[in-house]
Amino acid sequence: MAWSDALDPQSPAFGIAASANARVRVIAGPGTGKSFAMKRRVARLLEEGVEPASILAVTFTRVAAEDLHRELVGMGVPGCEALNGVTIHSLALRILMRNHVLGATGRIPRPLNDFELKPLEADLADAHGGVRELRKKIKAFEAAWARLQQDEPGYVQHPDDLAFERDLYGWLIFHRAMLIGEVIPQLYSYLHANPLAQERSEFRHILVDEFQDLNRAEQGVIALLSDAADVCIVGDDDQSIYSFKHAHPEGIRSWLATNAGADDLTLDDCRRCPTQVVAMANALIASNVNRPIPRALTPLAANGGGDVRILQYATLDDEVVGVTNLISGMVAGGIPPGDILVLAQRGVIGTPIYEALHARNIPVRSYYAEAELNAQNAQERFAYLKLLVDREDRVALRWLVGLNSANWRCRGYRRLRGYADGQAISPWQALCAIADGQAQVAHTGALVERFRVIRAELDRLGTLHADVGVLGVVDDLFPEGDDGVRDLRALSLSLLENDAGMMPEDFLTRLSDAITKPEIPSEIEDVRIMSLHKSKGLSAPVTIIAGCIEGLLPKQPRDGLSAAETLAEIEEQRRLFYVGISRVKSSPAAGKPGTLILTNSRMMPLATAMGAGIAPAQVNYGDAHMITSRFIREMGAAAPAPVPG
DNA sequence: GGGAGAGACGTTTTT
DNA sequence: CGTCTCTCCC
């Protein structure tokens with residue numbers, strides 16, 4: 001295939017593929033064929049003899065990276081199989097490892113699981129304004145302290161932030177661990193400090209997908225990698241939904257100002273969605289006031305109007321049953337389960353739908369994160385497994401000695417850490433010394449008592465392993481019938497199925513990977529249930545968004561915000577809904593009109609509402625009364641009238 | 001250091 | 001409504 005095959009030279013896609021400008025920005029609305037245009041651009045580069053290794057295609061999420069990689073490799077152009085599609089985090093880690101940046105500063109790339117953040121938070125909270133403030137600080141640190149688009153990354157602005165960074169590094173170095181997110185500030189400062197670093201001129205062509213998802217630090221990393229590269233960024237400020245990690249729509253908007261002379265191209269023809277959905281999406285997003293470049297998607301008549309329904313149920317239970325019935329009916333009618341995408345912003349809505357479909361033997365998969373480690377006993381057994389493999393896993397030990405204490409025994413642990421540091425020994429060695437009476441450290445009684453239990457349990461597991469191997473240990477740690485570890489058991493057994501004699505450390509590595517980096521299947525065979533965030537970049541012939549109520553979509557803005565900040569939160573929620581409805585794909589030729597179903601319910605138990613952080617409009621004897629999302633109204637006359645479900 | 005009781009909050013993502 | 005977090009007190 002030649003890169004320009006069947007491409008109209010007047011089309012924007014041609015322009016994107018052909019532009020020889022060293023800086024190109026593409027604003028591409030949902031479903032406008034940006035992957036297609038990027039692919040053609042890469043094909044052109046390869047045909048012109050550009051080294052595949054000098055082309056960098058980078059995105060923010062693994063789903064998008066693997067998608068891009070698959071598309072690029074599938075082009076059939078010579079050299080395409082050598083192309084890389086990477087997440088910015090994996091790229092960062094690779095560059096840091098290659099340059100021994102981490103080793104030189106005493107760092108070990110042992111990532112923390114989500115649940116392992118608890119003791120870190122407890123250990124640092126006192127000195128840094130409490131756990132809540134601390135979490136915000138971690139987010140800002142991961143953005144290299146550039147909380148706003150106009151902030152310069154890498155420069156700590158407040159003395160508090162500086163003290164926090166010092167303590168955080170201290171904790172991570174002592175515990176021989178890393179935050180996933182810290183690779184970004186690390187890489188930024190490495191590249192910034194080393195203008196002669198090979199990586200700054202390694203790439204000739206950089207393509208960035210979903211650019212609006214990058215925060216200022218991540219944008220800075222891209223800029224520092226671009227010394228010798230042509231850069232093409234693709235994204236959509238209307239799909240910017242990651243303000244919680246300090247990515248703002250201004251990022252892609254202001255890129256032209258900092259890249260003078262850049263080409264500015266736009267993709268507006270919505271090739272994916274039915275025309276009615278395009279009209280609804282346009283009406284919806286027009287309600288965003290803070291939108292300097294008002295644009296609209298152009299519908300494609302050939303896509304047909306689609307099948308759009310807005311359904312209301314009396315109660316949340318009815319909604320769950322209703323959605324389940326709809327899906328069963330579709331599957332019974334011959335629609336492949338993999339064509340169906342269910343979006344629910346909270347587990348309380350998504351999980352019951354998942355369970356109900358599961359009970360009806362409909363293939364279904366839930367994409368809510370790290371679900372295997374939700375239960376505390378799952379976390380505990382997993383920590384034991386880590387310690388069994390490596391007694392010097394300081395994070396796992398820290399977690400276990402703090403377990404079942406509200407403050408994770410942070411005061412005793414502080415003394416222990418001081419002692420271990422002073423003696424230049426590890427916490428494990430220090431605890432052994434104290435437990436065996438060879439050393440005394442005041443106020444560590446509770447800690448050492450816990451340690452004795454942990455050590456005995458590890459001895460037991462060690463013996464068990466010697467007797468019955470990894471499989472026996474798995475059976476002991478994740479026993480059948482224990483709901484909390486059900487998923488861990490299933491996952492472990494599937495890993496050991498063909499290789500029961502695996503070394504424990506290999507088993508642990510594979511188990512960790514399976515939990516934190518689940519495989520993204522290329523053939524979708526299940527009904528998919530996920531958050532709206534996760535759905536970015538995906539499309540499906542049938543898209544169902546459940547829970548379209550005020551307080552959830554949009555979520556209740558946080559308290560204490562200024563009017564402008566509140567507006568910004570609502571506008572981001574509107575963009576989130578815009579992303580959601582534009583997932584639906586029509587293929588009239590294949591008999592798939594493109595089905596979009598939006599559901600809500602008028603009432604749910606108060607406990608459910610409060611449990612999910614949904615502010616009810618009114619409460620009556622334990623029933624929370626909900627009202628329909630404003631977004632339904634904002635889609636205007638383009639949307640069908642809501643009907644009972 | 002740790003327990004009791006009052007008060008806040010609940011999501012989304014990255015190897 | 002639960003769970004987590006914070007403060008106060010022993």
Side-chain angles (χ1 to χ4, degrees), chain A residues 59-65 86-94 96-97 109-114 118 121-122 125-126 129-135 138-139 142-143 177-184 210 213-215 217-218 241-247 343-350 367-370 376 404-415 442-449 509 512-513 515-518 530-536 547 551-556 558-560 569 572-573 575-576 579 604-616 619 622 624:
Chain A
T59 68
F60 169 55
T61 64
R62 270 174 53 249
V63 172
V86 297
T87 65
I88 193 160
H89 285 79
S90 64
L91 175 74
L93 188 60
R94 204 170 67 196
L96 293 172
M97 297 291 279
R110 187 277 197 203
L112 290 174
N113 280 103
D114 277 353
K118 289 279 176 188
E121 290 168 357
D126 278 358
V131 173
R132 243 156 244 135
E133 192 55 34
L134 188 96
R135 285 183 187 153
I138 290 177
K139 281 276 167 282
E142 289 177 343
M178 280 191 74
L179 299 175
I180 297 159
E182 75 169 291
V183 294
I184 301 296
E210 306 283 15
D213 293 343
L214 305 191
N215 61 32
E218 291 157 343
I241 54 178
Y242 286 108
S243 66
F244 64 82
K245 63 153 214 168
H246 302 291
L343 305 179
Q345 202 55 0
R346 290 287 194 285
V348 283
I349 299 182
Y367 287 73
Y368 295 99
E370 272 191 35
Q376 186 181 285
N404 293 328
S405 158
N407 58 8
W408 293 83
R409 304 193 174 86
C410 63
R411 282 174 267 201
Y413 191 79
R414 192 175 305 145
R415 289 165 185 273
H443 300 291
T444 54
L447 210 62
V448 173
E449 194 183 319
T509 305
S512 295
D513 283 355
I515 294 166
T516 55
K517 294 181 282 189
M530 63 182 73
S531 67
L532 280 85
H533 282 86
K534 275 241 172 65
S535 75
K536 178 103 80 77
L552 185 56
L553 273 171
K555 67 158 193 174
Q556 186 74 12
R558 285 170 298 157
D559 285 342
E569 288 215 336
E572 178 167 297
Q573 291 286 299
R575 294 193 291 269
L576 190 60
V579 167
M604 66 176 77
L606 179 63
T608 307
M610 300 306 279
I614 305 166
V619 178

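In what follows, every chain begins at residue 1, and chains take the letters A, B, ... in the order their sequences are listed.
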Colleague: With heavy atoms under 4.0 Å as the rule, sort L606(A) into base, sugar-phosphate or nothing.
Modeller: nothing
Colleague: I want to verify a distance call: between dT15(B), dT12(B), dT13(B), whose nearest atom is closest to the H89(A) side chain?
Modeller: dT15(B)
Colleague: Distance check: side-chain N/O of K245(A) vs OP1/OP2 of dT12(B), anything under 4.0 Å?
Modeller: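 The answer is no; no side-chain N or O of K245(A) sits under 4.0 Å from OP1 or OP2.
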Colleague: Short question: side chain of T87(A), backbone of S90(A) - any donor-acceptor pair under 3.5 Å?
Modeller: yes
Colleague: Can you list everything that forms a side-chain contact (heavy atoms from CB on, under 4.5 Å) with T509(A)? Sequence neighbours excluded, please.
Modeller: D513(A)
Colleague: Measure CZ/R135(A) against P/dT13(B) and give the value in whole Å, please.
Modeller: 16 Å
Colleague: For I88(A) and dT14(B), what is the distance between atoms CD1 and C1' respectively, to the nearest whole Å?
Modeller: 10 Å
Colleague: Round to the nearest Å and state the distance from E210(A) atom CD to dT14(B) atom C1'.
Modeller: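 E210(A) atom CD is separated from dT14(B) atom C1' by 14 Å.
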Colleague: Any cation-pi pair here, K536(A) with Y242(A), using under 6.0 Å and within 45°?
Modeller: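 Not satisfied by the 6.0 Å and 45° rule.
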Colleague: Suppose you measure atom C1' in dT13(B) against the same atom in dT3(C); what distance do you get, rounded to whole Å?
Modeller: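 To the nearest whole Å, 23 Å.
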Colleague: Please check this pair: side chain of K555(A) against backbone of E569(A), looking for a donor-acceptor N/O pair closer than 3.5 Å.
Modeller: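 Side chain of K555(A) to backbone of E569(A), a donor-acceptor pair under 3.5 Å: no, none is there.
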Colleague: What is the distance, rounded to the nearest whole Å, between atom CZ of R409(A) and atom C1' of dG3(B)?
Modeller: 12 Å
Colleague: Base, sugar-phosphate, or nothing: which does R415(A) touch, judged by heavy atoms less than 4.0 Å apart?
Modeller: sugar-phosphate
Colleague: Please classify the nucleic acid contact of F244(A) as base, sugar-phosphate, or nothing, using heavy-atom distances under 4.0 Å.
Modeller: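 The answer is base, as F244(A) lies within the cut-off (heavy atoms under 4.0 Å) of a base atom.
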Colleague: Give a yes or no on whether E449(A) atom CD has more than 12 heavy-atom contacts from other residues, nucleotides or ligands under 6.0 Å away.
Modeller: no
Colleague: Under 3.5 Å, side chain of H89(A) to main-chain N/O of I180(A), donor-acceptor pair present?
Modeller: no
Colleague: Quickly work out the Y367(A) OH to dT12(B) P distance and round it to whole Å.
Modeller: 16 Å
Colleague: When we call it a touch if two heavy atoms are under 4.0 Å apart, what does K536(A) touch: a base, just sugar-phosphate, or nothing?
Modeller: nothing
Colleague: dC6(C) and dT11(B): how far apart are their P atoms, nearest whole angstrom?
Modeller: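 Looking at atom P only, dC6(C) and dT11(B) are 16 Å apart.
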Colleague: Please give, in whole Å, the distance from dT14(B) P to L214(A) CG?
Modeller: 13 Å
Colleague: In this structure, how many angstroms lie between the P atom of dT14(B) and the NE2 atom of H246(A), rounded?
Modeller: 17 Å
Colleague: Report the residue (N404(A) or P111(A)) whose heavy-atom-nearest nucleotide on DNA chain B is the more 5′ of the two.
Modeller: N404(A)
Colleague: So which atom in R62(A) and which in T516(A) form the shortest heavy-atom distance, rounded to 0.1 Å?
Modeller: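 So the minimum-distance heavy-atom pair works out to NH1-O, 4.3 Å.
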Colleague: Given that Q573(A) and N407(A) both sit by DNA chain B, which one's nearest nucleotide is further toward the 5' end?
Modeller: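 Looking at DNA chain B, the more 5' nearest nucleotide goes with N407(A).
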Colleague: With a 4.0 Å cutoff (strictly under), does any side-chain N or O of T87(A) reach OP1 or OP2 of dT15(B)?
Modeller: yes
Colleague: Please work out if G445(A) contacts a base, only the sugar-phosphate, or nothing of the nucleic acid, heavy-atom cut-off 4.0 Å.
Modeller: nothing
Colleague: Partners of Y413(A) by ring pair (Phe, Tyr, Trp, His ring centres under 6.0 Å), sequence neighbours excluded?
Modeller: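 Checked Y413(A) against ring pair (Phe, Tyr, Trp, His ring centres under 6.0 Å); matches are H175(A).
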Colleague: When you list every nucleotide of DNA chain C with an atom under 4.0 Å from a heavy atom of chain A, which one comes first 5' to 3', and which comes last?
Modeller: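 It runs dC1(C) to dC6(C).
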Colleague: Is the base of dT11(B) touched by the side chain of K555(A) through a donor-acceptor pair closer than 3.5 angstrom?
Modeller: yes
Colleague: What is the distance, rounded to the nearest whole Å, between atom CG of L343(A) and atom C1' of dT11(B)?
Modeller: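 From L343(A) CG to dT11(B) C1': 15 Å.
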Colleague: From the list dT15(B), dT11(B), dT14(B), which nucleotide is the closest neighbour of the side chain of R62(A)?
Modeller: dT15(B)
Colleague: Would you indicate what R94(A) reaches in the nucleic acid, counting non-hydrogen atoms under 4.0 angstrom: base, sugar-phosphate, or nothing?
Modeller: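 Result for R94(A) = nothing.
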